[in-house]
Amino acid sequence: MIIKKNYVKELTWRGMLQDIMPGTEDLLNKGMTTGYIGFDPTADSLGVGNLVQIMSLLHFQRCGHRPIALIGGATGMVGDPSGKSAERNLLDENTLNHNLNAQKAQLEKFLNFDCGANSAAIVNNYDWFKDFTFLDFIRDVGKHLTVNYMMAKDSVKSRLESGMSFTEFSYQLVQGYDFYYLWKNHGVMLQMGGSDQWGNIVTGTELIRRKAGGEAFALTTPLIKKADGTKFGKTEGGNIWLDPKRTSPYKFYQFWLNAADADVSNYIRIFSVKEREEIEVLEAEHSAAPHLRLLQKALAEEITIRVHDEDSLTQAKAASVALFGNSIDGLLDLPQATFSEVADSITQFEITASALTQGINIMDLLASSTNICKSKSDAKRAIEQGGISINKEKISDVNLIINTSSIIKGIYILLQSGKKNYYSIKITAA
RNA sequence: GGGGAGAUUCCAGAGCGGUCAAAUGGGACGGACUGUAAAUCCGUUACUUCGGUUUCGAAGGUUCAAAUCCUUCUCUCCCCA
């Protein structure tokens, strides 16, 4: 396998390189290298926060190297103290397995597992830890690193005051052994990860050096920050997930479309596989006509296809265009099937036809029949402030009774709270 | 073990017997402006059948009246040993 691109240079211009161990670039330029990144199965879906790691594996593979995604079935049982201020709760084995399988399925969508020598692979560290006894571990692994060395890590030092269990203290050894194991058995020479993983990764290279006299390398990606200083990957509604059941493709698409100008250039370098020249052209076009949001659209389209699929993207775009149009007419003109898709892609609630025939007070509709507002007081406030629209028409009467006359397209009512939050109410029989 | 300080609405943090659903700041939400951007400005931020109702670590008590006073309890922080 010929190296297609200089991975380090690639990461550098994409703004994805934080720290790198000396010699890493030479290693990568010498020939196909196997590298891995670990994922923590704390939830049954990966979120956009994990996307940076996934993309570094993807870029890695596109440069001609062989990526391995490690899912932490074993490390997940211990709990990584990095960046955590308090002891973590342990997940039970069933949850862990469920999460692990779900994440595995998501990772499989990104990497190519059938492209010859640099085909990707997924491994689970539980496989080599399940039969590793405690005594063997402390003799074979623990013996090589001193407590002094382990205590010097930031992840440990920062917890010395508040306390940390032996379990979490041991975490770096467990992760360090992963690297050793993969180095020895799978020819893995490089571990990557977020900058908070540097300490854990280095424990791995150190273990390889001391235990086997071998050499291994490391690089980390920076933590993504938004221009306004808030955390990347979260919105009012919470985390943005890759799982369509948790975050619909429409919301996923909207998340990227809403990226601020100040952030979008960074994002597109990280989350798209477009080449530098192409991105720079887009940026030029964007600054010439920022209101067209070409960068945001290009970014949103590419990621939505990669994470979901072409159909989901088409639907998300159709829904976005229809909902953000100026009047209800654009929506009413849609064919019934398309309209239904739009209604289904946004958050949907159901109410019965009979309830609607009797008439429902708008505040009950917002706070009781649905959870668009968290209480009636909240609903009242929203209406008084002009934040609620029905079928794109702003309402001002808090005592408004909603009945069948609000139905559009046969079985729907379109509710909007604020500028961007759309909900559809589906009228069900009886 | 001894001595001190504290626990207030999402967070930080005022309040020191009635004028407190509780200052101020942050966050969040809504509106205006725009490009579904940023910045800015304005408003809102316990629940309610709009009569009231339940909140200030927990449980009691004093009082016409308590976040504010007393008792006990729980937890947190600091100083000395």
Side-chain angles (χ1 to χ4, degrees), chain A residues 85-87 160-163 225-240 247-268 282-301 303-304 313 315-328 330-331 342 345-347 359-390 392-401 414-423:
Chain A
S85 53
E87 184 79 17
L160 246 35
E161 283 287 320
S162 57
K225 283 195 285 275
K226 292 206 290 186
D228 61 8
T230 55
K231 202 174 175 202
F232 168 78
K234 295 229 158 107
T235 59
E236 323 81 78
N239 246 330
I240 299 294
T247 301
S248 72
Y250 164 79
K251 288 200 181 114
F252 188 82
Y253 176 80
Q254 282 286 324
F255 169 77
W256 297 103
L257 192 67
N258 274 300
D261 287 9
D263 293 317
V264 72
S265 283
N266 298 334
Y267 291 176
I268 200 161
L282 274 171
E283 281 174 329
E285 288 175 18
H286 180 266
S287 50
H291 60 281
L292 295 179
R293 305 153 70 84
L294 286 174
L295 277 173
Q296 281 91 340
K297 282 178 184 159
L299 173 68
E301 285 176 14
I303 308 192
T304 307
L313 170 69
Q315 209 167 308
K317 281 170 77 176
S320 299
V321 169
L323 292 170
F324 286 91
N326 289 323
S327 72
I328 187 72
L331 278 162
V342 170
S345 60
I346 54 182
T347 305
I360 301 176
N361 179 280
I362 182 65
M363 286 197 288
D364 288 322
L365 183 66
L366 291 169
S368 304
S369 313
T370 67
N371 56 11
I372 295 171
C373 295
K374 72 175 169 43
S375 69
K376 284 188 198 174
S377 303
D378 191 36
K380 190 177 172 188
R381 253 193 307 274
I383 296 167
E384 282 170 345
Q385 295 187 132
I388 302 290
S389 297
I390 292 179
K392 300 229 50 138
E393 206 163 310
K394 231 168 226 185
I395 56 167
S396 52
D397 180 6
V398 291
N399 294 313
L400 189 69
I401 303 297
L414 182 71
L415 265 162
Q416 183 181 353
S417 109
K419 251 180 298 205
K420 305 179 195 173
N421 307 309
Y422 289 94
Y423 305 89

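Within every chain, numbering begins at 1; the chains are lettered A, B, ... in the order of the sequence lines, protein sequences first and strands thereafter.
- Here A/K380 pairs with nothing under the salt bridge (Lys or Arg N to Asp or Glu O under 4.0 Å) rule; sequence neighbours left out.
- When the nucleotides B/C33, B/A37, B/G30 are ranked by their closest atom to the side chain of A/K419, B/C33 comes out on top.
- The separation between A/K420 atom NZ and B/C29 atom C1' is 13 Å, rounded to whole Å.
- Within 4.0 Å (heavy atoms only), A/E384 reaches no atom of the nucleic acid at all.
- A distance of about 29 Å separates the P atoms of B/G27 and B/C77, rounded to the whole Å.
- In this structure, B/G51 shows a glycosidic angle within 90 degrees of zero, which is the syn conformation.
- Residue A/K374 has its side chain nearest to B/C47 when only B/C50, B/C47, B/U36 are considered.
- B/G25 sits 8 Å from B/G13 when the C1' atoms are compared, rounded to a whole Å.
- Backbone-only engagement by A/A260 is indicated by non-hydrogen atom pairs under 4.0 Å involving sugar-phosphate atoms exclusively.
- When each of A/I383, A/L365, A/L400 is checked for a side chain to side chain contact (heavy atoms under 4.5 Å, CB included) with A/I388, only A/I383 meets the rule.
- Each of A/L313, A/L323, A/T304 was checked for a side chain to side chain contact (heavy atoms under 4.5 Å, CB included) with A/Y250, and the lone residue meeting it is A/L323.
- The aromatic rings of A/W256 and A/F232 are tilted relative to each other, their planes meeting at an angle between 30° and 60°.
- Across all strands shown, B/C33 forms no Watson-Crick or G-U wobble pair with both distances under 3.5 Å.
- Under a cut-off of 6.0 angstrom, the local environment of CD in A/E384 is crowded, with over 12 non-hydrogen atoms contributed by other residues, nucleotides or ligands.
- Nearest-nucleotide positions on RNA chain B for A/Y253 and A/G418 put A/G418 closer to the 5' end.
- B/U49 atom P lies 6 Å from atom CE of A/M363, rounded to whole Å.
- Pairing for B/A46 goes to B/U53, judged as Watson-Crick or G-U wobble with the two contacts each under 3.5 Å.
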Practice problem: Run the numbers on A/D364 and A/K376 for salt bridge (charged side-chain N to carboxylate O under 4.0 Å, His left out), then give the verdict. | Solution: CA-CA 7 Å; A/D364 288 322; A/K376 284 188 198 174; 3.0 Å; yes

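- Comparing B/U36, B/G30, B/U48 by their closest approach to the side chain of A/S375 singles out B/U48.
- In this structure, A/K226 places its NZ atom 12 Å from C1' of B/A38, rounding to the nearest Å.
- In this structure, CG of A/D263 is placed 14 Å from P of B/A37, rounded to the nearest angstrom.
- With RNA chain B read from its 5' end, the first of the two nearest nucleotides for A/A262 and A/K376 is the one closest to A/A262.
- Figure legend. B/G6 is base-paired to B/C75; pairs are counted as Watson-Crick or G-U wobble with both atom distances under 3.5 Å.
- Spacing between atom CG of A/N399 and atom C1' of B/U49 amounts to 11 Å, rounded to whole angstrom units.
- B/U8 sits 27 Å from B/C80 when the P atoms are compared, rounded to a whole Å.
- A donor-acceptor pair is defined here as one N or O able to donate and one able to accept, closer than 3.5 Å; such a pair exists between the side chain of A/Q296 and the backbone of A/A259.
- Residue A/Q385 has its side chain nearest to B/U44 when only B/C47, B/U36, B/U44 are considered.
- In this structure, the CD atom of A/Q416 is 15 Å from the C1' atom of B/C29, given to the nearest Å.
- Comparing the same atom, P, in B/C10 and in B/G1 gives a spacing of 36 Å after rounding to whole Å.
- Nucleic acid contact for A/R381: sugar-phosphate only, since backbone atoms but no base atoms lie under 4.0 Å from a heavy atom of the residue.
- B/G52 and B/G4: their C1' atoms are spaced 44 Å apart (whole Å).
- Nucleotides B/C47 and B/G2 are separated by 47 Å at their C1' atoms, to the nearest Å.
- Between A/N421 and B/C29 there is no side-chain polar atom (N or O) within less than 4.0 angstrom of OP1 or OP2.
- Under 3.5 Å, the side chain of A/Q296 and the base of B/U36 form no donor-acceptor pair of N or O atoms.
- A close approach under 4.0 Å does occur between a side-chain nitrogen or oxygen of A/K394 and OP1 or OP2 of B/A32.
- In this structure, A/H291 places its NE2 atom 17 Å from C1' of B/C33, rounding to the nearest Å.
- Annotation for A/L415 and A/I372: closest pair CD1-CD1, 3.7 Å, computed over non-hydrogen atoms.
- B/U63 and B/C70: their C1' atoms are spaced 12 Å apart (whole Å).
- As the counterpart of B/A12, B/U24 is assigned, both hydrogen-bonding distances of the Watson-Crick or G-U wobble pattern falling under 3.5 Å.
- Of all nucleotides present, only B/C80 satisfies the Watson-Crick or G-U wobble test against B/G1, with each distance under 3.5 Å.
- Residue A/K297 is out of contact with every strand shown, counting any heavy-atom pair closer than 4.0 Å.
- Figure legend. B/A38 is base-paired to no nucleotide; pairs are counted as Watson-Crick or G-U wobble with both atom distances under 3.5 Å.
- With B/G35, B/U34, B/U36 as the choices, the nucleotide that has an atom nearest any side-chain atom of A/L257 turns out to be B/U36.
- Here, B/U48 and B/A39 have their C1' atoms 39 Å apart, quoted to the whole Å.
- Using the Watson-Crick or G-U wobble rule with both distances under 3.5 Å, B/U68 pairs with nothing in any strand shown.
- Of the candidate nucleotides B/C47, B/G35, B/A37, B/G35 has the atom nearest to the side chain of A/P290.
- A straight line from CG of A/D378 to P of B/A21 spans 22 Å, rounded to a whole angstrom.
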